[in-house]
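Step one of this worksheet: look at the structure below.
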Amino acid sequence: MAKELPTSLKEIPAQDNLPDLFKFDNGEKVKDLRDWKERRKELVEPLMFYQYGSIPPRPDKVTPRLDKEKAHPSGIGKERWITLIIDSKRKLQMRLVIYEPNTPGPHPVIIEEEGSLGGSKNAERFMKKNYLFIEYARHDLDPDRKGTEGPAQKAYPENDWETLAVWAWGGMRVVDYLEGRTDVDMKKIAITGHSRGGKMALLAGALDERISLVVPNGSGAGGAGSSRILGPGAESIGMNDKPHWYHPRIRIFAENEAHLPFDQHFLKALVAPRGLFCIESTDDLYANPLGTYATSRAAMPVYELYGVPERNAIRFRRGGHTFSGSDWTSLLDYAELTFYGRVPQNGQSFWQNPAEVTPRPDSGGESGFLRVGHAGNKGDYNYPRVGSFGSVNHDYEIGRYKVSNAEYALFLNWAACESDPSGFYNSKMRIRRELKGGKIIYGAYPATANAAVTYVSWYDALHYCNWLGGNYGTSLDDSTGQRNKGAKYFLPTEDEWYKAAYYDPKTKKYKLYPLRDSHKIENSEKLASKSSYGMMETSNHVWEWTESKVGEAFRGIRSDSWFQGNNYQAAGRYYTNPNLELGHLGFRVARTSPESTNTNEVKKKSLQKRARKFRR
């Protein structure tokens, strides 16, 4: 069993930033490689105690049993179906398929966990390069079913391990088997997996130093993705719908991620100085590409300490949540580079930034506000792990569209015309900045004037509301986010946003269709408003800030577009860091309902006059 650590948030101090890899538990700093090797030992304990559970030691014996052998359809090798008998007393069994080339060894090895063995579409490309390609049956150890005790847990009841730890331990037993072969190059062992398999691969590689290359693909939460740095749409601890993958103690930190005494860069640092290659998709929001990049950057100083920064690699592509053919090609290229120093002919970089995702130029429309009445409505269904939203006890109005580049440029011309110490302007905005007559002038580019302004932080959005006539008690240097009584303009709360998007006052129910099923409709982002109140462009890929705080470190965000598998933004609760400025993160404004129900746009002159009242 793992050593008992604190389980009360009161005993675990919050820290917004990623925990310092080079700071010992006693507060002393790591000064050199010798110190790091001692500090490294401290990283494992919190990871296993809170997130994965304790694993058994290496068994006394792993014995292979050949079940069948046949020629591979390619004609360049064979398939050997083997069962490993693990531990001479417990006799736990796990099946493998080994795709073995006809060429002589010593062979480098690629290990992949699989839910269903045989018929690999990727083995041939590796066999052509003289690799052994091995699939092992993860379900032989743990069936991946909530509330079900698997064979591994039954064999080792003294350990409190959960599914991911079981699968990682199974991958380590494959390495045990390889040590008994004379045709394997034990200095060239790689392990990989996709999604849940990627989480497994990273954990196995962190714990077993015999594995020389670790390649998680789209592994997200509990894998390569940060728990503290959450991009829009990223899975959080609380949103995970497979709680049996993790030890129950990790749920202590749901919406309280700032209290985590570790983050996923601990795993990556444990892999160093061995090879680490994270393969991600910019569009796979649920897998948190932004947070994965952050943890890879955070682990880089450890690789630099070893003098091998090139062994910490990350690659981004576009597309969905899958282990694509191009991903497998990149894996082979990086293995060839890491194991043999063979530079890929295509010259691809193995350190990449996520692609920028921005609004369509033709998006947006005529600004204005929509009245949202029917105060006192009930909230929506209380979704598991999400909660109930939509209940609002007051009338209000909400912007028909998100705040546009043109509208935000007006704000900049007031707030940042002499200087911009608060950083309201981001050079990536579709807004030009020029110096004229000693003042800074801002103007939206005509082609994207109506498109949503993005690259704005939550704090920027609050200041914009104050400029209109909000009352958040902010100064240009500070934003508390507390809406004061009498505020005229404000960011909508999650409830206010949710009601405006989904509530149908006629039926008094929440109309998630076609919103939640918009992925089934061709060009759904171009459809007319799908909310009963007329709120527009909720289903495009630009997320929206809300006023709502989530825990100590995050702010709620909303969007309605479909993005991956069975994960719908409408039915999920997502949050992100308030200081982030991203190309697919904007906001819309709400306001108190005036005596008149006229929803025409507030004239620009009126806005500027009102804004001067709140100038500081």
Side-chain angles (χ1 to χ4, degrees), residues 230-239 254-257 285-286 370 372-399 402-403 452 456-459 461-462 464-465 470 472 479-483 487 489-504 509-512 515-516 530-533 535-540 542-561 563 567-578 580 582 584-592:
L230 297 174
E235 178 187 10
S236 60
I237 292 172
M239 270 295 293
E255 298 189 8
N256 289 291
E257 288 86 347
L285 301 184
Y286 203 63
L370 308 161
V372 182
H374 316 96
N377 63 297
K378 293 182 179 180
D380 196 4
Y381 173 73
N382 189 359
Y383 288 98
R385 306 176 310 280
V386 175
S388 173
F389 291 92
S391 177
V392 182
N393 62 7
H394 55 269
D395 292 348
Y396 60 100
E397 296 187 356
I398 196 165
K402 303 177 187 71
V403 172
V456 288
S457 71
W458 182 78
Y459 303 106
L462 289 191
Y464 180 90
C465 292
Y472 278 108
S479 294
T480 62
Q482 181 64 44
R483 185 195 303 180
Y489 290 82
F490 41 85
L491 283 181
T493 63
E494 288 184 276
D495 284 314
E496 289 165 340
W497 194 100
Y498 196 96
K499 178 179 179 177
Y502 305 131
Y503 187 65
D504 184 348
K509 295 181 180 180
Y510 288 82
K511 186 175 63 175
L512 299 187
L515 293 163
R516 207 161 121 200
K530 295 184 286 292
S531 88
S532 297
Y533 295 103
M535 193 163 74
M536 302 293 287
E537 293 190 348
T538 59
S539 292
N540 63 14
V542 178
W543 289 73
E544 302 181 34
W545 288 114
T546 73
E547 182 186 274
S548 303
K549 291 186 178 182
V550 182
E552 297 179 39
F554 301 104
R555 302 296 182 269
I557 54 175
R558 285 287 169 177
S559 173
D560 187 57
S561 57
F563 65 102
N567 300 300
Y568 301 94
Q569 293 163 358
R573 190 188 191 197
Y574 297 91
Y575 41 91
T576 193
N577 308 74
L580 289 183
L582 303 172
H584 56 308
L585 186 52
F587 69 104
R588 75 178 71 216
V589 171
R591 70 180 185 182
T592 55

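- Residues Val456 and Trp545 approach most closely at O-NE1, 2.9 Å, considering heavy atoms.
- Nearest heavy atoms, Pro232 versus Leu285: O-CB, 3.5 Å.
- Within the structure, every pair that satisfies the salt bridge (Lys or Arg N to Asp or Glu O under 4.0 Å) test and touches residues 490-504, not counting sequence neighbours, is listed here: Arg483-Glu496, Glu494-Arg558, Glu494-Arg573.
- Taking the six-membered ring for Trp and the full ring otherwise, Tyr396 and Phe490 have centroids separated by 6.0 Å or more.
- Put simply, the side chain of Val372 does not reach to within 4.5 Å of the side chain of Met535, judged on heavy atoms.
- In this structure the side chain of Arg555 never reaches within 4.5 angstrom of the side chain of Ile557, judged on heavy atoms.
- Two residues are said to be in side-chain contact when any heavy atoms from C-beta on lie closer than 4.5 Å; Trp458 and Phe587 fail this criterion.
- With contacts defined as side-chain heavy-atom distances shorter than 4.5 Å, the pair Tyr533/His374 qualifies.
- Side-chain atoms of Leu230 and Tyr574, non-hydrogen and from C-beta on, never get closer than 4.5 Å to each other.
- In this structure, CD on Glu544 lies 4.5 Å from NZ on Lys402, to the nearest 0.5 angstrom.
- Of the inter-residue distances, the one linking Leu491 atom CG with Trp497 atom CH2 reads 13.5 Å to the nearest 0.5 angstrom.
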Before giving the answer on side chain to side chain contact (heavy atoms under 4.5 Å, CB included), spell out for Val392 and Asn377 the whole-Å C-alpha distance, their side-chain angles and the decisive distance to 0.1 Å. CA-CA 6 Å; Val392 182; Asn377 63 297; 4.2 Å; yes
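- To the nearest 0.5 Å, the span separating OG on Ser457 from CG on Leu585 amounts to 9.0 Å.
- When all heavy atoms of Gly238 and Ala254 are compared, the closest pair comes out as CA-CB, 3.7 Å.
- Residues Ser531 and Thr538 fail the side-chain proximity criterion, which asks for heavy atoms closer than 4.5 Å.
- Taking 4.5 Å as the limit, every side-chain heavy atom of Asp380 sits out of range of all side-chain heavy atoms of Tyr502.
- In this structure, Arg588 contributes its side chain and Pro492 its backbone to no donor-acceptor pair below 3.5 Å.
- Taking the six-membered ring for Trp and the full ring otherwise, the centers of Tyr498 and Tyr510 sit less than 6.0 Å from each other.
- Counting only heavy atoms from C-beta outward, the side chains of Trp543 and Thr576 never approach each other to under 4.5 Å.
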